[in-house]
2 protein chains.
Amino acid sequence: MKLRQLRYFVAVARERNFSRAAEILHIAQPPLSRQIQQLEEELGVNLLDRSKRPLSLTEAGRYLYEQSAKMLAKIDHIREQTRRIGRSQRERFIIGCVGSTLYGGIPDLVRRMRVQWPELDIEIREMMSTEQVTALKEGRIDVGFGRVRFNDREVERLTLREERLVVAFPKGHPKSLSKEPIALAELQGEPLIVYPSVPRPSFADEILNLLSELSVTPASVEEVREIQAALGMVAAGVGLCIIPAASQRQRPDDVCYRMIEDEKATSPIIMSFRRVDANGRIDQIKQLIREMYADNPPWLQLSNVRLGAS
Amino acid sequence: MKLRQLRYFVAVARERNFSRAAEILHIAQPPLSRQIQQLEEELGVNLLDRSKRPLSLTEAGRYLYEQSAKMLAKIDHIREQTRRIGRSQRERFIIGCVGSTLYGGIPDLVRRMRVQWPELDIEIREMMSTEQVTALKEGRIDVGFGRVRFNDREVERLTLREERLVVAFPKGHPKSLSKEPIALAELQGEPLIVYPSVPRPSFADEILNLLSELSVTPASVEEVREIQAALGMVAAGVGLCIIPAASQRQRPDDVCYRMIEDEKATSPIIMSFRRVDANGRIDQIKQLIREMYADNPPWLQLSNVRLGAS
DNA sequence: CCCTACTATACCTCCAGGGTATGAAATTCG
DNA sequence: CGAATTTCATACCCTGGAGGTATAGTAGGG
């Protein structure tokens, strides 16, 4: 599959006419026909229904058209961005973080970093904890904020704080009536929903480990891809779900939350960075985080801070 | 820019070594060097710092690596999906809708459609109202649910209901203390945030039109790309924002909402479809929507239903 | 300073992709 | 309904570009 073929196919799909598409592409019609045939052959799929005019797309063709058009636009964007970055010569600093930290300290930290280093282009990429390790080693990100502990020779990690967990109930569930903290033991025999399903190990495994340590066995375990889906299923009454306390602002009108009583029921926020640049900006970031924690922002209420004062 | 070049570049960026990358790609090293050079030349950007070993990526190279790797993975996915769809021969029905309808009737409607047509693969694509018109004409979607009225010869539209609007205040704003409905006139001289910034015309323009009809002029108008960003700025105290009532479940702990008093302060939910297949499944979808409205779900409370009984 | 490892350059070969001519099928119109 | 027209597929040729080999140039380690 080549970009050329996709570009050609998009033109044909848009025009529903080979000859006009060929004109637009500034090539003759026969080579265009051939490229489309080759594409169909490689995929082993008919993309066009040629039996009557105007041409129509098959289901597979419709899908490929839709996706390819999006992708080609994205490639143009990547090309322009690459040129722009190449010209600007500005240094970039990229933060990788799990979604839940965006409800916590990341926005505030980025604000402080922009003040500290106005000449730096700071960007954020949402990614799973596992992905952060390889992204760090490959240089795709410069620091990571995740929830799962990993050991890697090249990557150093630092636990910033331990965030308390809460249980999400569907509105009206008998155990959701009390607002008091709940013991994990009470989840015995309840259907449970965990996330994310890929990649493993993940927050899902931390939760399952926590429960098995306490000998709590759910009636069933359903895995979903992300927290929104998990809370959607909770709201639909499929089961319960355990999430970090800071994420409980979501879906307030059809999901109820109760803090978990057990002291050990926490999930860490872990900062990871390459050992080789441990003494560059990383030290100053640690300092910014200490200052931020010292200001005691609202999302920090439900955490035990680990990062010591300097 | 060819896919081949991007694949090659990703390999080099990953290995930080031309020779090893060439081995992995099963080609000799000189052609690889040449492809990378051509890529750099086309972009007018240095992607690699070759002055010392091991090679390192420039900022532009780092960006291109990160983006290309993602994209190549996506292309593989598209190829496989296209094959799968081609083999399965199942009919697909694709719904395009604006994000806010996902908090409203779309999930319920999809559920009803799956019951009605179990043999159909139903998919959802989030897209702006404007985009729905072209997506319909190009066959990328089969029905659209949006908020902006468009006239197009090939597309028929049907107003399902008019949803009431609410004003979002930062917590603690003096006007947020009352829970009573607020008159739009009270927004005179307040800084306003609207979304989405692109493409126009959009919900942002509907809001601005509504205000100018009532001769209400905000102190300032800030445009942001999406509702999450808008509410983030509201929470940060940058200004106020007008959103559909169904979206007010977001950010309950740092944003307050007040219903708008004015009867005209509504935003429609508009269903669009191709005239040519107006009598296919579309009629049955209208029927399903009527049934759904008849069940009077909670998200419908704040709307005036337009779609008449059959 | 020399050796090793690695990348760039020069030059050759061959095929993929484009062009033209033309046949085959669907559509339109008298 | 049949002729004219439009449109896509097939056959064949030709050129540019992608890959290969040989070798020169350069960085890094002992």
Side-chain angles (χ1 to χ4, degrees), chain A residues 1-58 60-62 64-65 68 72 75 79 138-139 276, chain B residues 1-58 60-62 64-65 68 72 75 79 138-139 276:
Chain A
M1 225 161 73
K2 299 178 192 163
L3 279 186
R4 182 177 12 273
Q5 294 175 324
L6 295 183
R7 266 192 262 273
Y8 287 5
F9 175 65
V10 165
V12 172
R14 195 165 278 147
E15 295 299 319
R16 276 146 173 71
N17 179 316
F18 277 73
S19 312
R20 268 207 307 282
E23 269 180 52
I24 291 172
L25 294 168
H26 303 295
I27 61 170
Q29 168 264 318
L32 177 57
S33 290
R34 238 193 14 215
Q35 291 297 336
I36 303 295
Q37 283 168 21
Q38 284 172 6
L39 181 60
E40 285 179 311
E41 198 168 335
E42 185 201 327
L43 295 172
V45 166
N46 269 34
L47 297 171
L48 296 164
D49 178 6
R50 298 162 163 86
S51 68
K52 47 183 173 297
R53 316 275 161 68
L55 300 176
S56 60
L57 296 177
T58 63
R62 179 155 86 127
L64 187 65
Y65 168 45
S68 304
L72 293 173
I75 286 195
R79 183 195 292 112
E138 295 182 351
V276 288
Chain B
M1 226 160 71
K2 300 176 192 165
L3 278 186
R4 185 179 1 301
Q5 294 175 326
L6 294 183
R7 266 192 261 275
Y8 287 4
F9 175 65
V10 165
V12 172
R14 196 165 275 148
E15 295 300 319
R16 278 147 172 70
N17 179 316
F18 276 73
S19 312
R20 267 205 308 281
E23 269 180 51
I24 290 173
L25 295 167
H26 303 294
I27 60 169
Q29 167 264 317
L32 177 56
S33 291
R34 240 196 10 220
Q35 291 296 335
I36 303 295
Q37 283 168 22
Q38 285 172 4
L39 181 59
E40 286 179 310
E41 198 168 336
E42 185 201 328
L43 295 171
V45 167
N46 269 32
L47 297 171
L48 296 164
D49 178 6
R50 297 161 163 85
S51 67
K52 45 183 174 298
R53 313 275 161 68
L55 300 175
S56 60
L57 296 176
T58 63
R62 179 155 86 128
L64 186 65
Y65 168 44
S68 305
L72 294 173
I75 287 194
R79 183 193 294 115
E138 294 181 352
V276 288

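Sequence lines set the chain letters: A, B, ... in the order given, protein chains first and strands last, and positions in each chain run from 1.
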Original post:
Is A:Glu40 reaching over with its side chain to a backbone N or O of A:Leu47, donor-acceptor style, under 3.5 angstrom?
Top reply: yes
Original post:
Please walk me through it: do B:Arg14 and B:Tyr65 pass side chain to side chain contact (heavy atoms under 4.5 Å, CB included)?
Top reply: CA-CA 8 Å; B:Arg14 196 165 275 148; B:Tyr65 168 44; 3.4 Å; yes
Subject >> Residue pair A:Ser33 / A:Gln37, side-chain donor-acceptor N/O under 3.5 Å >> reply: no
Original post:
Taking CD from A:Gln38 and C1' from D:dA9, how many angstroms apart are they, rounded to a whole number?
Top reply: 14 Å
**OP:** Select base, sugar-phosphate, or nothing to describe what B:Gln35 touches, counting heavy atoms under 4.0 Å on all strands.
**Re:** sugar-phosphate
**OP:** Select one nucleotide: of C:dC6, D:dC8, C:dA8, the one nearest the side-chain heavy atoms of A:Gln29.
**Re:** D:dC8
**OP:** Write down the distance between CD1 (A:Ile27) and C1' (C:dG19), rounded to a whole number of angstrom.
**Re:** 10 Å
**OP:** To the nearest 0.5 Å, tell me how far A:Tyr8 OH sits from A:Ile27 CD1.
**Re:** 4.0 Å
Original post:
B:Glu23 CD to C:dT7 C1': how many Å, rounded?
Top reply: 15 Å
Subject >> Within residues 4-11 of chain B: residues closer than 4.0 Å to DNA chain D (heavy atoms) >> reply: B:Arg4, B:Tyr8
Subject >> Partners passing side chain to side chain contact (heavy atoms under 4.5 Å, CB included) against B:Glu23 (at least two apart in sequence or in another chain) >> reply: none
Original post:
From D:dC8, C:dG19, C:dG17, pick the nucleotide closest to the side chain of A:Ser19?
Top reply: D:dC8
Original post:
Which part of the nucleic acid does A:Glu15 contact within heavy-atom distance under 4.0 Å: base, sugar-phosphate only, or nothing?
Top reply: nothing
Subject >> Donor-acceptor contact below 3.5 Å, side chain B:Glu42 vs main chain B:Met1 >> reply: yes
**OP:** Establish, with yes or no, whether the OP1 or OP2 oxygen of C:dT7 is under 4.0 angstrom from a side-chain nitrogen or oxygen of B:Asn17.
**Re:** yes
**OP:** Select one nucleotide: of C:dC11, C:dT20, C:dA10, the one nearest the side-chain heavy atoms of B:Arg34.
**Re:** C:dC11
**OP:** Assess whether one donor atom and one acceptor atom, taken from the side chain of A:Gln37 and the base of D:dA9, lie less than 3.5 Å apart.
**Re:** no
Subject >> Interatomic distance, B:Leu72 atom CG to B:Phe9 atom CZ [nearest 0.5 angstrom] >> reply: 11.5 Å
Original post:
Quick check: does any side chain N or O of B:Arg16 sit under 3.5 Å from a backbone N or O of A:Glu138, one acting as donor and the other as acceptor?
Top reply: yes
Original post:
Atom CG of B:Leu25 to atom P of C:dT7: distance rounded to whole Å?
Top reply: 13 Å
Original post:
Which whole-number value in Å describes the distance from B:Glu42 CD to D:dG17 C1'?
Top reply: 14 Å
Subject >> Rounded distance (Å) that lies between atom C1' of C:dG17 and atom CG of A:Leu39 >> reply: 15 Å
Original post:
What is the distance, rounded to the nearest whole Å, between atom CG of A:Asp49 and atom P of D:dT7?
Top reply: 17 Å
Original post:
Given D:dT10, is OP1 or OP2 found less than 4.0 Å from the side-chain N or O atoms of A:Ser33?
Top reply: no
Subject >> Whichever of A:Pro30 and B:His26 has its nearest DNA chain D nucleotide further upstream toward 5' >> reply: A:Pro30
Subject >> Distance, rounded to the nearest Å, where A:Ile36 contributes CD1 and D:dA9 contributes C1' >> reply: 13 Å
Original post:
Which of the following nucleotides, D:dG19, C:dG19, D:dT21, is nearest to the side chain of B:Ala28?
Top reply: D:dT21
